[in-house]
Amino acid sequence: DTEVTQTPKHLVMGMTNKKSLKCEQHMGHRAMYWYKQKAKKPPELMFVYSYEKLSINESVPSRFSPECPNSSLLNLHLHALQPEDSALYLCASSPGGGRDEKLFFGSGTQLSVL
Amino acid sequence: GEDVEQSLFLSVREGDSSVINCTYTDSSSTYLYWYKQEPGAGLQLLTYIFSNMDMKQDQRLTVLLNKKDKHLSLRIADTQTGDSAIYFCADTASKLTFGTGTRLQVTL
């Protein structure tokens with residue numbers, strides 16, 4: 001299995017809602033990532049978990065809260081988002097989180113905040 | 001910070017070769033990558049090159065690396081309509097940093 005699975009594929013939420021994005025991989029990878037991608041822009045790194053510990057937080061606002069329950073699962077909890085948070089949220093994984101590792105991406109969750 | 005630049009758009013005819021270019025500023029990467037993103041999808045790793053190589057060929061794909069000029073290119077031979085996508089180069093100088101992306105349009 002070489003897939004990274006993200007759910008849901010699409011999400012529409014209001015600014016007062018609480019929702020969660022989910023990501024799962026069964027490649028035995030020990031590093032997982034959240035990226036945010038606005039239309040016609042490259043992905044921007046948000047968070048990195050390595051061996052289930054948060055290793056990088058790219059100064060992301062606290063309305064985004066990551067969680068890594070185990071090495072196969074990664075969640076992104078969303079609360080009180082703003083319309084400008086609308087974007088494609090991509091999850092990725094890599095074997096160990098080293099600097100030069102190849103990343104495997106999921107298909108993303110297209111988020112719209114109304 | 002690291003800058004990775006690409007031209008925004010490239011249009012080629014089906015069957016022709018496509019060349020997508022990338023320039024970067026930080027030369028400490030061990031690997032440089034090319035990713036492909038189709039509409040509404042995630043990023044797919046296409047190919048990569050080790051930083052001490054000049055060229056790598058992988059079926060229809062050829063990667064050229066000029067370390068002196070900090071220039072990377074991806075050549076797609078016999079371009080097909082299924083190659084229409086956005087192509088991102090990426091380096092790993094400090095973390096995976098993506099280029100600005102080149103949208104490849106393949107016309108019949």
Side-chain angles (χ1 to χ4, degrees), chain A residues 2-11 21 23-25 27 29 31-50 54-60 74 87-112, chain B residues 1-10 20 22-53 56 58 63 65 72 84-105:
Chain A
T2 57
E3 276 196 0
V4 177
T5 304
Q6 290 188 243
T7 55
K9 291 198 182 307
H10 302 275
L11 179 62
L21 309 185
C23 176
E24 190 169 2
Q25 56 86 17
M27 294 179 277
H29 288 174
M32 296 186 77
Y33 307 73
W34 281 116
Y35 281 82
K36 174 182 177 180
Q37 186 179 25
K38 300 284 274 184
K40 301 184 181 180
K41 295 289 187 185
E44 296 175 353
L45 182 64
M46 300 175 72
F47 302 105
V48 181
Y49 273 84
S50 183
L54 183 65
S55 59
I56 296 177
N57 176 342
E58 291 287 321
S59 303
V60 179
L74 184 67
L88 181 67
Y89 287 84
L90 293 164
C91 173
S93 71
S94 70
R99 193 185 83 169
D100 296 310
E101 289 183 346
K102 305 171 192 61
L103 267 60
F104 293 79
F105 282 85
S107 299
T109 295
Q110 187 66 55
L111 174 67
S112 297
Chain B
E2 168 76 68
D3 283 326
V4 186
E5 298 288 336
Q6 299 177 238
S7 52
L8 284 180
F9 181 75
L10 176 66
I20 301 170
C22 171
T23 58
Y24 57 96
T25 55
D26 192 322
S27 57
S28 63
S29 295
T30 304
Y31 292 99
L32 293 127
Y33 297 97
W34 283 102
Y35 283 85
K36 175 184 180 183
Q37 186 174 33
E38 296 184 39
L43 277 75
Q44 172 195 352
L45 178 63
L46 269 185
T47 188
Y48 61 95
I49 188 167
F50 191 50
S51 60
N52 70 353
M53 295 170 67
K56 178 181 178 182
D58 185 358
V63 180
L65 176 60
L72 180 73
S84 295
I86 300 176
Y87 290 81
F88 292 98
C89 61
D91 78 21
T92 55
S94 58
K95 60 186 181 189
L96 190 65
T97 301
F98 290 95
T100 45
T102 299
R103 181 168 161 255
L104 175 63
Q105 175 181 274

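Any value given below was found using the heavy atoms of this structure, including those in side chains, with hydrogens, waters and symmetry copies removed. Chain identifiers are assigned alphabetically (A, B, ...) following the order of the sequence lines, protein sequences preceding nucleic acid strands; residue numbering begins at 1 within each chain.
A heavy-atom distance below 4.5 Å is not found between the side chains of S94(A) and F104(A). E101(A) places none of its side-chain heavy atoms less than 4.5 Å from the side chain of H29(A). Side-chain contact check for W34(B) versus L72(B): some heavy-atom pair is nearer than 4.5 Å.
Summarising the geometry, atom CG belonging to L74(A) is positioned 9.5 Å from atom CD belonging to Q25(A); distances are rounded to the nearest 0.5 Å.
For K102(A), the parts lying near chain B are the backbone and the side chain together; criterion is any non-hydrogen pair under 4.5 Å. Heavy atoms closer than 4.5 Å to chain A are found in both the backbone and the side chain of L43(B). Residue Q6(B): no heavy atom, backbone or side chain, is found under 4.5 Å from chain A. Proximity to chain B is absent for every atom of Y33(A), based on heavy atoms less than 4.5 angstrom apart. Contact annotation for L103(A): both backbone and side-chain heavy atoms come within less than 4.5 Å of a heavy atom of chain B. Proximity to chain A involves both the backbone and the side chain of Y31(B), based on heavy atoms less than 4.5 angstrom apart.
Checking each of T97(B), D3(B), L32(B) against Y24(B) for a side chain to side chain contact (heavy atoms under 4.5 Å, CB included) leaves exactly one that passes, namely L32(B).
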